[in-house]
Enquirer: 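Sharing a structure here in structure tokens format.
FYI, side chains are in, hydrogens and waters are out, and symmetry mates aren't considered; it's all heavy atoms of this structure. To find a chain, count down the sequence lines: A is the first, B the second, and so on, and within it residues start at 1.
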Amino acid sequence: STKSLGNGTSETCAEFRVKYVGAIEKLQFDMSRTLQEPLDLINYIDAAQQDGKLPYVPRDEEMILGVSKYGVKVASPDQCDVLHRHSLYLIVRMLCYDDGLGAGKNLLALKTTDAKQEACSIWVYQCSSSEQAQSICKVLSASFDSALTSVK
Amino acid sequence: IYKSAVTTVVNPKYEGK
């Protein structure tokens with residue numbers, strides 16, 4: 001469902017329907033250093049779900065996750081209220097993987113940091129399929145590339 | 001829980017962080 005709004009004014013270059021699972025905010029820096037490897041991050045999310053810090057099942061309401069050169073914005077379907085705004089330069093990495101519950105759903109884990117890079121946060125969303133998750137990763141990767149080339 | 005393929009996108013600004 002990649003829908004790029006060609007009218008130029010809109011910041012969003014691709015929008016996806018996802019569900020919000022939860023977030024673990026303000027992890028101290030030394031903790032965030034242990035979450036560099038993808039598997040460490042996945043295991044950390046697993047443990048958080050088992051400890052009840054993160055739910056297994058996302059909230060029912062679908063959200064619109066928009067990826068643009070500015071970053072990732074998560075808003076309600078009518079886009080009236082913005083739930084999260086992750087600016088591109090504070091996004092450290094994005095990870096997508098099968099949630100292992102057998103329904104083919106993919107989890108999207110977004111690791112962000114703060115401007116002083118002292119703490120990091122983990123934001124978890126659920127995609128309807130791995131294809132959707134892959135598309136989101138592709139668009140974000142393109143955003144990183146375009147941000148990189150524009151800096152030079 | 002068994003995890004299948006994992007796709008990672010890293011911000012070049014934080015490579016290795």
Enquirer: Non-hydrogen atoms of chain B under 4.5 Å away: do they reach the side chain of A:L90, the backbone, both or neither?
Expert: both

Enquirer: Report the distance from atom OH of A:Y125 to atom NE2 of A:H84, rounding to the nearest 0.5 Å.
Expert: 4.5 Å

Enquirer: Check whether A:S130 gets within reach of chain B through its side chain, its backbone, both or neither, counting any heavy atom under 4.5 Å.
Expert: neither

Enquirer: Using non-hydrogen atoms and a 4.5 Å limit, figure out which bit of A:L88 sits close to chain B: side chain, backbone, both or neither.
Expert: backbone

Enquirer: Once rounded to the nearest 0.5 Å, what's the spacing between atom CG of A:L110 and atom CZ of A:R93?
Expert: 11.5 Å

Enquirer: With rounding to the nearest 0.5 angstrom, report the OH to CD distance, A:Y20 to A:E61.
Expert: 12.5 Å

Enquirer: Are any of the side-chain heavy atoms of A:W123 and A:V74 separated by less than 4.5 Å?
Expert: no

